[in-house]
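Read the structure below first, then the notes.
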Amino acid sequence: MSRAALNGRRAAAAVLLAAASLGLSSCARPAAAATEAGEADLVVYSSHPEELVRVVVAEFRDRTGLSVRLVQAGTGELLRRLRAEADSGRAPGESCDVLWGGGAESLAANTDLFEPYASPEAAAVPPESKAADSSWTGFSVLPMVIVYNRRLLPERDAPSGWAELLEPRFAGRIAYADPASSGSAYTILRTATLALARSGRGSATASFARALSGRVLPESSQVVPAVASGEYLVGLSFENAAAETMAAGSDLGVVYPADGTSAVPDGVAVVRGTGRREAALRFVDFVLGPDVARVLSGRFGRRSARGDLPPPAGLPPLSSLELLPYDIAAAARGKDALVEEFRLELSRAAD
């Protein structure tokens, strides 16, 4: 991305930020919360960024009068909580009503935890971004990208794709989150190994682990800041995490891998056995609606999963990206095996 494009993007982001404030009038007010699940009208588990969650939940509260208890953590941790409740014989919905966030693969691998719900707003979401059985529906679409620190790495020396990350100059200097706890990190792992395998790089998982020198970060939210601060030279993240940091003035560069990337949705789902079903359905309808989608794009630079809106200002259309044939169902089925293979290869690379 050129300097001129970056400056233009920042200016566009500033204009859209002002415009977005008109879409959700009460965005600046704090979200309602209850200290105990029983005191809230709705309990939402979310892996989305704190500011995005705060803005959307505040508006939901003001429009509906319903209080929301939020539990925020990585996708892996939230799913483990729901799974532990199901395995103990309790309905997951006894403590949580809606899971909001998490890559489609993670949701597709745990559909037994969710209650199918075809929201009226789901009609605007393309078939590839929602479950055929309505167990989850796409909220936003997340192209996976490579970010780099422009102060430390000139644009001409930035990696053009996943294969170049295997070069010795990047060894141990790549910020990447643990795919066992981060849904987006698992998507990146699947995407990178698919691209590397297509390029004939032998054991793609082992090659990727060696490029990381056996090191991963605990959470995906740490990746972009680690690159922006210069702690790492490059990082592997999702598009809007980089876009938000760049709009705030950080000197980052973004690469859409020339050897292919993925654009997988995250989703929202009603938790099976919820005791607050009406409130849960109202929340799902709200977050999938056009008002939230416009603020998602204008204020947060994030692509809505809805097919009736353009991409955020300054971002390329998905049709211009080299997209790999990413099979969500296969990624869901193979998640445990791939994460375990990667864990073993990471351990070997760290020795």
Side-chain angles (χ1 to χ4, degrees), residues 1-14 49 51 142-179 181-182 184-185 187-189 191-193 195-196 199 201 204 206-262 300-302 312 314-316 321-322 342 345-346 349-350:
M1 186 176 293
S2 68
R3 176 73 60 177
L6 175 59
N7 290 338
R9 180 168 172 175
R10 288 173 178 164
E51 178 66 5
L142 308 172
M144 299 300 155
V145 299
I146 300 171
V147 299
Y148 65 96
N149 188 307
R150 287 176 177 269
R151 300 188 308 275
L152 304 177
L153 189 67
E155 185 174 356
R156 65 179 181 276
D157 295 330
S160 64
W162 309 107
E164 284 191 32
L165 293 174
L166 305 185
E167 295 177 1
R169 64 193 177 111
F170 295 119
R173 307 183 75 185
I174 304 170
Y176 171 66
D178 184 354
S181 60
S182 166
S184 62
T187 303
I188 290 169
L189 175 62
T191 303
T193 53
L196 293 173
S199 67
R201 294 286 175 150
S207 298
F208 185 51
R210 285 195 297 271
L212 298 169
S213 297
R215 299 164 58 193
V216 295
L217 296 172
E219 299 178 1
S220 59
S221 61
Q222 297 175 322
V223 171
V224 172
V227 176
S229 69
E231 181 180 355
Y232 289 84
L233 193 60
V234 298
L236 312 179
S237 188
F238 46 96
E239 177 186 64
N240 73 284
E244 290 173 10
T245 304
M246 292 170 68
S250 179
D251 202 13
L252 284 180
V254 174
V255 172
Y256 295 90
D259 45 2
T261 192
S262 59
F300 296 100
R302 193 166 185 146
L315 297 184
L321 306 182
E322 182 65 32
F342 177 70
E345 294 294 351
L346 203 67

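The only option from T245, V147, I146 that meets the side-chain contact (heavy atoms from CB on, under 4.5 Å) definition with V254 turns out to be V147.
The minimum heavy-atom distance linking A177 with S182 is given by the pair CB-CB, 4.3 Å. The shortest heavy-atom contact between F300 and E51 is CE2-CG, 3.7 Å. R169 approaches L153 most closely through the heavy-atom pair NH1-CD1, 4.2 Å. Residue V224 comes nearest to A242 through the heavy atom pair CG2-N, 4.2 Å, listed as atom of the first residue, atom of the second, then distance. Among all heavy-atom pairs drawn from I174 and L165, the shortest one is CD1-O, 3.8 Å. Between S181 and P218, the closest heavy-atom pair is OG-O, 3.1 Å.
A donor-acceptor pair is defined here as one N or O able to donate and one able to accept, closer than 3.5 Å; no such pair exists between the side chain of W162 and the backbone of T261. Judged by distance alone, with hydrogens and angles left aside, the side-chain atoms of N149 form a donor-acceptor pair with the main-chain N or O of V227 at under 3.5 Å. Using a distance-only test at 3.5 Å, with no hydrogens or angles considered, a donor-acceptor pair links the side chain of S229 to the main chain of A226. No side-chain donor-acceptor contact under 3.5 Å links D259 to the backbone of S199.
With sequence neighbours left out, T193 forms a side-chain contact (heavy atoms from CB on, under 4.5 Å) with L189, A204, T205, L338. Listed by chain and residue number, Y176, F342 satisfy the ring pair (Phe, Tyr, Trp, His ring centres under 6.0 Å) test with F208 (two or more places apart in sequence, or in another chain). Evaluation of the side-chain contact (heavy atoms from CB on, under 4.5 Å) rule for R215 yields Y232 as partners, not counting sequence neighbours.
To the nearest 0.5 Å, the span separating CG on L236 from OG on S220 amounts to 12.0 Å. The CG atom of D157 sits 10.0 Å away from the CD atom of E164 when rounded to the nearest 0.5 Å. Distance CG/L212 to CD/E345: 11.5 Å, rounded to 0.5 Å. Between atom CZ of residue R151 and atom CG of residue L252 there is a gap of 8.0 Å, rounded to the nearest 0.5 Å.
At a cut-off of 3.5 Å, with distance as the only test, no side-chain donor of Y148 or E155 sits close to an acceptor on the other residue.
Looking at P49 and R302, their side chains come closer than 4.5 Å, going by heavy atoms from C-beta outward.
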What verdict does the side chain to side chain contact (heavy atoms under 4.5 Å, CB included) test give for L142 and N240, after you've listed the backbone C-alpha separation in whole Å, the side-chain angles of each residue and the deciding distance to 0.1 Å?
CA-CA 7 Å; L142 308 172; N240 73 284; 3.5 Å; yes
Apply the test side chain to side chain contact (heavy atoms under 4.5 Å, CB included) to residues L166 and L196: give CA-CA distance (whole Å), side-chain angles for both, the deciding distance (0.1 Å), then the verdict.
CA-CA 10 Å; L166 305 185; L196 293 173; 3.9 Å; yes
Please determine whether side chain to side chain contact (heavy atoms under 4.5 Å, CB included) holds for the pair I188 and F238, giving the CA-CA distance in whole Å, both sets of side-chain angles, and the decisive distance to 0.1 Å.
CA-CA 8 Å; I188 290 169; F238 46 96; 5.9 Å; no
Output, in order, the C-alpha distance, side-chain angles, deciding distance and verdict of side chain to side chain contact (heavy atoms under 4.5 Å, CB included) for S184 and M144.
CA-CA 8 Å; S184 62; M144 299 300 155; 4.3 Å; yes
